[in-house]
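Below: the structure, in structure tokens.
When a residue number appears, it is its place in the shown sequence, counting from 1. In listed order, ligands and their atoms are each counted from 1.
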Amino acid sequence: MARIVIVGGGGYVGMTYAAAFADLGHDVVGVDVDATKIDALRARIAPIHEPGIEDLLRRGLDSGHLRFETDYASVSDAEFVFICVGTPSDEYGRAEMKYITAAAREIALHAQGHTIVVNKSTMPVGSVELIAEILNEHASHAVSFDVVSNPEFLREGCALHDVFHPDRIVLGTHDALAAAHVGALYEPLGSPIVVTDPRSAEMIKYASNAFLATKISFINEVATICEGLGADICAVARGMGLDERIGPRFLQAGVGFGGSCFPKDVRALAAMADDAGGDASLLRAVLDINVSMQVRAVDKLATRLGGVQGKTIAVLGLAFKPNTDDLRESPALAVIEQLLASGATVRATDPVAVPRATGLVPDAHLVDDPYAAVTGADAMILMTDWAEYRDLDLDHLANAMRGRLVVDGRNVLDPTSVRDAGLLYEGIGRPATWPAVRIVVEREQSEVITLAAD
Ligand code: UGA
């Protein structure tokens, strides 16, 4: 079993890998400079909302395979040191490397003997060379390093599933032995392992996120075209997604992507293209379309209500996606800010993110319950596709609201049921008039698919 240190062990990626490697039987120390997070983790409390993580942490801590520290002393004994600190956007859209370089210096100062440093954070192409330079510059002569790029592909809200069932493991190194050592850590997971050069590994991470973001902006652009032509994007995405070359995932039209990864990584890849003299026009269009989806959502409210000034709008969902309380670059916050700037009163709710939102949107009224949010509202907009919002009691909703308008920013409500409750349904890329298409998929032995009219 390996001795592993995870730097940035209090963050979402670091904490998840620390707990997962401990569960696989390794001895893991999560290191984080944030003492508040370390205190919480030692008390078996996850600093972020992630389903199942606290059970895994508890198991690791109870078994003695996992501990958390605020200093780097444990690096001296480690075979592997994973760097999992953040790379937020700087003012030019590039990945901010100051936390990474600070971590590399600390690792260099504390390492003893041969250490494999694994770049797990999303770092610009060329970072393996950069980290190796910093390590060699700051280390004592007796120490040697291999640096391996090993990007992460965890989705927030499903991180536990993704950490134990990866589609692939990517390793970027010129050293076959280092690749074999890091690859062995993932052996029990049984997933394909791609070993390539460091720069290609780093690019795989950016290109993967940029491609998924492109898929979302593509379907969102088609959704806006559907609105003009009277087609239903849900049927269109369904029909497209059955083509195995396209696939059904990441074709959910709506108010756009947010979070700590897609916006930041698409910006960073565009900045890398600029720096390398390349063309990033598609990537910039992806970002522009994404922002426009939030503007369009507010326009839908304003058009139907004859302006939002003086109106009360209920916003259901604050987190950038379900099953997390992460609000970074959340489309909901962008929409709330636009509504407030236009003179609306906003009552917003979320199953878990209300405590984190307090202070971020001080002029919005935050409530715990969706029915409290809609009471007396002129319109409701659904911004995050939490499972509980799919099952709203629509009669209760209709009785509580003052107005009739429901904007379904994630296309997850059933338009017919919303209309049957006496409400006015407006989705993203869905026909304004109903009855519309009901999608019936019949999968028989011959794989017959029927899209039948209602
Ligand atoms: C994303 C990637 O999916 C992970 O593989 C990657 O590891 C991670 O970024 C990262 O770089 O760390 P995440 O940001 O947690 O994961 O969330 P996603 O599930 O990818 O969703 C991102 C955003 O796209 C959300 O706002 C979601 O609502 C939106 N989305 C997703 C859509 O609007 N439509 C879709 O069809 C799918």
Side-chain angles (χ1 to χ4, degrees), residues 8 11-17 48-51 84-89 95 120-123 150-163 165-170 202 204-223 233-234 236-238 240-241 246-269 286-287 289-294 297 317-335 350 353 382-387 389 408-412 427-429:
Y12 139 77
V13 171
M15 173 183 70
T16 306
Y17 272 100
I48 53 157
H49 177 87
E50 181 64 41
C84 297
V85 299
T87 51
S89 287
K120 180 65 85 181
S121 306
T122 303
M123 299 187 201
N150 172 217
E152 57 85 18
F153 301 101
L154 307 180
R155 290 163 301 166
E156 291 186 34
C158 321
L160 255 57
H161 173 273
D162 292 353
V163 80
H165 305 96
D167 289 341
R168 77 300 208 189
I169 298 297
V170 174
E202 289 160 342
I204 287 170
K205 169 67 188 187
Y206 279 101
S208 298
N209 271 3
F211 182 75
L212 293 170
T214 302
K215 239 182 145 180
I216 298 169
S217 279
F218 175 85
I219 203 68
N220 281 339
E221 183 158 281
V222 175
I233 194 63
C234 296
V236 173
R238 183 78 170 147
M240 286 171 63
I246 298 172
R249 298 168 78 186
F250 284 75
L251 286 182
Q252 179 78 24
V255 284
F257 56 79
S260 64
C261 304
F262 284 177
K264 158 181 92 72
D265 292 348
V266 178
R267 282 195 295 264
L269 185 54
V286 166
L287 293 167
I289 292 166
N290 197 51
V291 170
S292 78
M293 298 313 291
Q294 289 132 44
L318 291 160
F320 82 98
K321 61 182 279 189
N323 301 321
T324 177
D325 57 357
D326 197 337
L327 294 158
R328 284 175 286 179
E329 307 219 23
S330 173
L333 297 189
V335 162
D350 188 280
L382 191 154
M383 290 296 299
T384 315
D385 48 341
W386 284 98
Y389 296 159
D408 181 3
R410 295 290 180 184
N411 287 347
V412 292
I428 307 293

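Atom 3 (O) of ligand 1 has Arg155 CG, 3.4 Å as its closest protein atom, hydrogens excluded (heavy atom only). Counting protein heavy atoms only, atom 5 (O) of ligand 1 is closest to Phe153 O, 3.3 Å. Scanning the protein for heavy atoms near atom 6 (C) of ligand 1, the closest one is Leu154 O, 3.3 Å. Summary of contacts: the protein heavy atom closest to atom 10 (C) of ligand 1 is Cys261 SG, 2.8 Å. Residue, atom and distance of the protein heavy atom nearest to atom 36 (O) of ligand 1 are Gln252 N, 2.9 Å. Considering only non-hydrogen protein atoms, atom 12 (O) of ligand 1 sits nearest to Glu152 OE2, 2.6 Å. Annotation: atom 1 (C) of ligand 1 to nearest protein heavy atom, Phe262 CE2, 3.4 Å. The single protein non-hydrogen atom nearest to atom 37 (C) of ligand 1 is Phe250 CD2, 3.4 Å, given as residue, atom name and distance.
A heavy-atom separation below 4.0 Å is not found between Thr122 and ligand 1. The closest approach between Gly258 and ligand 1 falls below 4.0 Å for a heavy atom of the residue.
A 4.5 Å side-chain heavy-atom check between Pro331 and Arg410 finds at least one atom pair inside the cut-off.
Below 4.0 Å from some heavy atom of Leu251 lie the following atoms of ligand 1, by number and element: 36 (O). Close contacts of ligand 1 with Phe257, meaning ligand atoms under 4.0 Å from a residue heavy atom, involve 23 (C), 24 (O), 26 (O), 29 (C). Near Asn209, meaning under 4.0 Å from any of its heavy atoms, are these atoms of ligand 1: 2 (C), 6 (C), 9 (O), 10 (C), 11 (O). Shown in contact with Arg410 at under 4.0 Å from a heavy atom are these atoms of ligand 1, numbered in order with element: 28 (O), 33 (O).
The main-chain N or O of Gly427 is never found under 3.5 Å from a side-chain atom of Asn411 such that the two would form a donor-acceptor pair. Not one N or O on the side chain of Glu202 forms a donor-acceptor pair closer than 3.5 Å with the backbone of Met123. The main-chain N or O of Val170 is found under 3.5 Å from a side-chain atom of Asn150 such that the two form a donor-acceptor pair. Put simply, the side chain of Glu152 never gets that close to the backbone of Ser121: no donor and acceptor are under 3.5 Å apart.
Checked by distance only, ligand 1 and Lys321 come closer than 3.5 Å through their nitrogen or oxygen atoms. Ligand 1 has an N or O atom lying under 3.5 Å from an N or O atom of Glu156, backbone or side chain. Note: an N/O pair closer than 3.5 Å links Phe320 and ligand 1 by distance alone.
Heavy-atom minimum distance, Ile169 versus Pro166: CD1-CG, 3.8 Å. Here the shortest heavy-atom pairing between Ile246 and Lys215 reads O-NZ, 3.1 Å. Minimum interatomic distance between Lys264 and Thr87 (heavy atoms only, all atoms of both residues): CD-O, 3.0 Å. Closest non-hydrogen pair, Val13 versus Cys84, comes out as CG1-SG, 4.3 Å.
Residue Lys205 touches ligand 1 through its side chain alone, judged by heavy-atom distances below 4.0 Å. Contacts of Lys215 with ligand 1, taken as heavy-atom pairs under 4.0 Å, are absent altogether. The proximity of Ile216 to ligand 1, defined as any non-hydrogen pair under 4.0 Å, is limited to the side chain.
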- request: Mind running side-chain contact (heavy atoms from CB on, under 4.5 Å) on Met240 and Ile219 for me, showing each step along the way?
  value: CA-CA 10 Å; Met240 286 171 63; Ile219 203 68; 4.1 Å; yes
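Between atom CG of residue Leu318 and atom CH2 of residue Trp386 there is a gap of 10.0 Å, rounded to the nearest 0.5 Å.
Under a cut-off of 6.0 angstrom, the local environment of CZ in Phe218 is sparse, with at most 12 non-hydrogen atoms contributed by other residues, nucleotides or ligands.
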